[in-house]
Asker: 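Here it is, the structure, as structure tokens.
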Amino acid sequence: MCNVNISQESEGYLNFMEQQVKGEKDIDLEILRHSASHIMAQAVKELYPEAKLGIGPAIADGFYYDFAREAPFTPEDLAKIEEKMRSIIKADLPFLKSVVSRKDALDIFTELEEPYKLELLREIEDKEVTIYQQGSFTDLCRGPHLKSTGEARVFKLLNVAGAYWRGDERNVMLQRIYGTAFPEKEDLEKHLKNLEEAKKRDHRKLGRELGLFSIEEDVGLGLVLWHPRGAMVRKVIEDFWRDEHLKRGYELVYTPHIARSDLWRRSGHLDYFQEMMYPPMKTGAEDYLLKPMNCPFHIKIYKHKVRSYRELPIRYAELGTVYRYERSGVLHGLLRVRGFTQDDSHVFCTPEQLGDEIIGIIDLTQYMLKTFGYEEFETALSVRDPARKGDFLGDDEGWERAEASLSAALEKKNISYARMEGEATFYGPKIDIKLIDALGRGWQGPTIQLDFNLPSRLDVTYTAGDGKRREVVMIHRTVLGTMERFIGGLVEHYAGSFPTWLAPVQVRILTLSEKHEDYAREVLAQLEKKEIRAEIDSASETISYKVARAEREKIPYMLVVGDKEAKGSTVSVRERRSSHQGASKVEEFIARVEEEIKRKGLGERAPFPPVNREEEVKKGGDR
RNA sequence: GCUGGCGUAGCUCAGUGGUAGAGCAGGGGUUUUGUAAACCUCAGGUCGCCCGUUCAAAUCGGGCCGCCAGCUCCA
């Protein structure tokens, strides 16, 4: 290993203390994790001197470091690296900071044979750079770091994955090792438990177990088959969605799945979106394309006749199924698919109406998302990059006015948001809302996008009060995103235990023996009369078995019926995830459940971490 | 698309060159059950696909397909 001689001063700890005094807890974690990444890099360089360093920052849940090396890192390598890290931590090496001239730094990393560090250095314009060293390890780094390696005791390496150098797919792919570090052991254990819990909630696993959906290889990648249970959940959501839209002045439309390629040429999709579209269908005279978006159709409906300002705003809504040819590596259960149904809407209005329309949309999204049990949101306002105006369509005035309307609406609704420069679409600024789920994870939800492109491109106008034709203001918006992604997210949010109003099967009647089937059918008939989704389990099994089965299927209510119940016209009610039970008159039970469904009650959210009955039972069995 | 890992019954997983296994789920039977898994029995597999090495391949090699983690991209 190459040793480099430079004058040193220990400053890492000072930085750490300063941050602590400021009470910036996150920064503490960041320093800890960033330091852990350096310890990992040291371990890797000691074990595999041929590995070249990429970058190694702290990230939201831990840290990573990228390495260039011929041979792949195996899980066994990770164990070895962890072991080496432990010895580095035990040695309690100080993190030493040096300030050197850029030129000296170039010499140092030339001597160390670190091409990627040299590439970074060459792009730094400052005269001086900082270098951190601990033991045999030297890194170009802004810092700050811990005082010494001994302070990063609690860590774990998690996995290896490929990552393009500097995030650009035209560059070489490096090997990224992910890990995490915490101040205390309990924090790490909690984090690992969280990861496990997330795995248990995985909508792909629950989707199969609960009979919600499947994706079959011979049907096609990213194409979802909705099984009866999943289709029922979707139906309930779609009914709710339609009702809420009709209440708020939207009009429903239906549009075809394909259209002539000329339409997509005129809309600009063939210029800007072609690589995401399935190849054309040849039908002789003219090609047809599968739709990747619904907007051109809604515009055609709008343009079917001349529109007056008196008609505006016009709000068209459609659960429109679109197809996009996503790259195979990004497909992921319901969250990333190739055929999906957007809860799409296009609002056509005058510039004066824009503010109120945005507020109306925000109200609608908040109401719907809260009904589904999401309480927390993160909002971003994406605007164009002022340095790259050429990459965005439209003039300065239009962009400024649009941004002003969007931000005014957010402020009027008292919603705090992050302003994201350069994140706008090429055709206009947008508001994105992220839902935060029961595990604190973010899910892309509603998006409200202004469009400066299509109205002018497709000549979408209205006749103003002065009799002149004016270009319409067009908003694309979605509340849930897509049915696929939204339901995938809901499954994980609820860990498969849907609140009663959404549950595909709301009630299951469990017979104690064959004798009770007739009574069970009577109860079922009463439930069905009230449109409660119910079924009977009359299998020749013990009641315990049937309870276990219903619990596994996460059915909200189990009604046990036997002699006692039949005689008294009652049912023995067991709620999902609780051993609580009690006899109830059938009518009383129905009234209660009806009320719960009507108000879309959330019930108790799946506790976190949820009670794991299987483990408890096993433990109990040991005695 | 790229990097790495993985692919055995519907599901979860054993099986390291010599006749494919278990549990659960499924079918049949027995039991008629009081709140998280009764008992017996039967059936179920081109070991992802193709090519190769070998007397012999689930097992070794190559290619392809798919899945998983991540990167890039995204609703």
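We name chains A, B, ... by the order of the sequence lines, and we start the count at 1 in each one.
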Asker: Look for any protein N or O under 3.5 Å of an N or O in nucleotides 48-50 of chain B and output each such pair with its distance, or none.
Answerer:
none

Asker: Between A:Leu512, A:Ile509, A:Thr511, which is the residue that forms a side chain to side chain contact (heavy atoms under 4.5 Å, CB included) with A:Lys546?
Answerer: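 Per the side chain to side chain contact (heavy atoms under 4.5 Å, CB included) rule, the option paired with A:Lys546 is A:Thr511, out of A:Leu512, A:Ile509, A:Thr511.
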Asker: Does atom NZ of A:Lys52 have more than 12 heavy-atom neighbours from other groups under 6.0 Å away?
Answerer: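 Result for NZ/A:Lys52: enclosed.
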Asker: Check this one for me: any side-chain N or O of A:Arg204 less than 4.0 Å away from OP1 or OP2 of B:rC68?
Answerer: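 Yes, within the criterion.
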Asker: Please give, in whole Å, the distance from B:rC74 P to A:Gln342 CD?
Answerer: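 Interatomic distance, CD of A:Gln342 to P of B:rC74: 14 Å.
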Asker: Which comes earlier along RNA chain B counting from the 5' end, the contact point of A:Asp168 or that of A:Ile215, where each point is its nearest nucleotide?
Answerer: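 Nearest-nucleotide comparison on RNA chain B picks A:Ile215.
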Asker: Expressed in whole Å, how much space separates the C1' atoms belonging to B:rC55 and B:rU41?
Answerer: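 The same atom, C1', in both gives a distance of 40 Å.
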Asker: Whole angstroms only, please: what is the CD-P distance between A:Glu575 and B:rA36?
Answerer: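 Result: 15 Å.
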Asker: What's the gap between B:rG7 and B:rC47 when it is taken at their C1' atoms, as a whole Å value?
Answerer: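 That atom pair is separated by 10 Å.
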Asker: When the nearest nucleotide of RNA chain B is assigned to A:Asn159 and to A:Thr478 on a heavy-atom basis, which residue is associated with the more 5' position?
Answerer: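 Looking at the nearest nucleotide for each, A:Asn159 comes out on the 5' side.
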Asker: Find out whether the Lys NZ or Arg CZ of A:Arg176 is both under 6.0 angstrom from the six-membered ring centre of A:Tyr64 and within 45° of the ring's axis.
Answerer: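 Yes, cation above the ring, under 6.0 Å and within 45°.
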Asker: Please report, rounded to the nearest Å, how far the P atom of B:rA36 is from the CD atom of A:Glu209.
Answerer: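 After rounding, the reported distance stands at 20 Å.
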Asker: Quote, to the nearest angstrom, the P distance that separates B:rA58 from B:rC51.
Answerer: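 Those two atoms are separated by 14 Å.
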Asker: Looking at B:rC24, which nucleotide sits across from it as a Watson-Crick or G-U wobble partner, both distances under 3.5 angstrom, or is there none?
Answerer: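 Here B:rC24 is engaged in a pair, and the nucleotide opposite it is B:rG10.
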Asker: Below 4.0 angstrom from OP1 or OP2 of B:rA69, is there any side-chain N or O of A:His332?
Answerer: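 Indeed, a polar side-chain atom of A:His332 lies that close.
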Asker: Does a nitrogen or oxygen in the side chain of A:Thr542 sit under 4.0 Å from OP1 or OP2 of B:rU33?
Answerer: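 For B:rU33, neither OP1 nor OP2 has a side-chain N or O of A:Thr542 closer than 4.0 Å.
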Asker: Atom CG of A:Leu512 to atom C1' of B:rU32: distance rounded to whole Å?
Answerer: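 Rounding to the nearest Å, CG of A:Leu512 and C1' of B:rU32 are 8 Å apart.
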Asker: Taking NZ, NE, NH1 and NH2 as the nitrogens, is one of them in A:Arg338 or A:Glu326 under 4.0 Å from a carboxylate oxygen of the other?
Answerer: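 Looking at A:Arg338 and A:Glu326, the cut-off is not met.
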Asker: When rounded to the nearest Å, what value does the distance between C1' atoms of B:rC71 and B:rC13 take?
Answerer: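 Nearest-Å result for B:rC71 against B:rC13 at atom C1': 31 Å.
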Asker: In whole angstrom, what separates A:Asp202's CG from B:rU12's P?
Answerer: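 In whole Å, B:rU12 P and A:Asp202 CG are 12 Å from each other.
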Asker: List, with names and distances, any nitrogen or oxygen atoms from the protein found under 3.5 Å away from nitrogen or oxygen atoms belonging to nucleotides 2-10 of chain B.
Answerer:
residue, atom, partner, partner atom, Å
B:rU3, O2, A:Gly162, N, 3.2

Asker: Sticking with atom P, work out how far B:rC11 lies from B:rA25, rounded to a whole angstrom.
Answerer: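 That atom pair is separated by 15 Å.
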Asker: Distance check needed: B:rG70 C1' versus A:Ile59 CD1, whole Å only.
Answerer: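 Rounding to the nearest Å, CD1 of A:Ile59 and C1' of B:rG70 are 10 Å apart.
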Asker: What's the CZ-P distance between A:Arg336 and B:rC71, to the nearest Å?
Answerer: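 The distance from CZ of A:Arg336 to P of B:rC71 comes to 12 Å, rounded to the nearest Å.
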Asker: Where does the angle between the aromatic ring planes of A:Phe273 and A:His269 fall among parallel (under 30°), tilted (30 to 60°) and perpendicular (over 60°)?
Answerer: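 Correct class here is perpendicular.
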Asker: Taking the basic N atoms (NZ, or NE/NH1/NH2) and the acidic carboxylate oxygens, is any pair closer than 4.0 Å for A:Glu50 and A:Arg69?
Answerer: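 Answer for the salt bridge query: yes.
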Asker: Can you tell me how far C1' in B:rA9 sits from the matching atom in B:rG48, rounded to whole Å?
Answerer: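 About 14 Å, rounded to a whole number of Å.
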Asker: Measuring to OP1 and OP2 of B:rA36, would you say a side-chain N or O of A:Arg577 lies under 4.0 angstrom away?
Answerer: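 No, no such contact exists.
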Asker: If you measure from the Lys or Arg side-chain nitrogens to the Asp or Glu carboxylate oxygens, is any gap between A:Glu421 and A:Arg384 under 4.0 Å?
Answerer: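 Not counted as a salt bridge, because no side-chain N and carboxylate O are separated by less than 4.0 Å.
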Asker: With ring centroids as reference points, do A:Tyr427 and A:Tyr272 lie under 6.0 angstrom apart?
Answerer: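 That pair fails the under 6.0 Å test.
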Asker: To the nearest Å, give me how far apart CD (A:Glu169) and P (B:rC71) are.
Answerer: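 My rounded result for the distance is 13 Å.
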Asker: Using centres under 5.5 Å plus planes under 30 degrees as the test, is A:Tyr545 stacked with B:rA38?
Answerer: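 Aromatic stack with B:rA38 absent for A:Tyr545.
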Asker: Pick the P atom in B:rG26 and in B:rG63, then give their distance to the nearest Å.
Answerer: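 That atom pair is separated by 42 Å.
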Asker: Taking the basic N atoms (NZ, or NE/NH1/NH2) and the acidic carboxylate oxygens, is any pair closer than 4.0 Å for A:Lys80 and A:Glu76?
Answerer: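 No.
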Asker: Just checking A:Phe589 against A:Tyr557, ring centres under 6.0 Å apart?
Answerer: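 Distance test on ring centres: under 6.0 Å, yes.
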Asker: How far, in whole Å, is B:rG29 from B:rA22 if one measures between their P atoms?
Answerer: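 Each nucleotide's P atom is 23 Å from the other's.
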Asker: Is any side-chain N of the basic residue among A:Glu209 and A:Arg204 closer than 4.0 Å to the acidic one's carboxylate O?
Answerer: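 No salt bridge links A:Glu209 with A:Arg204.
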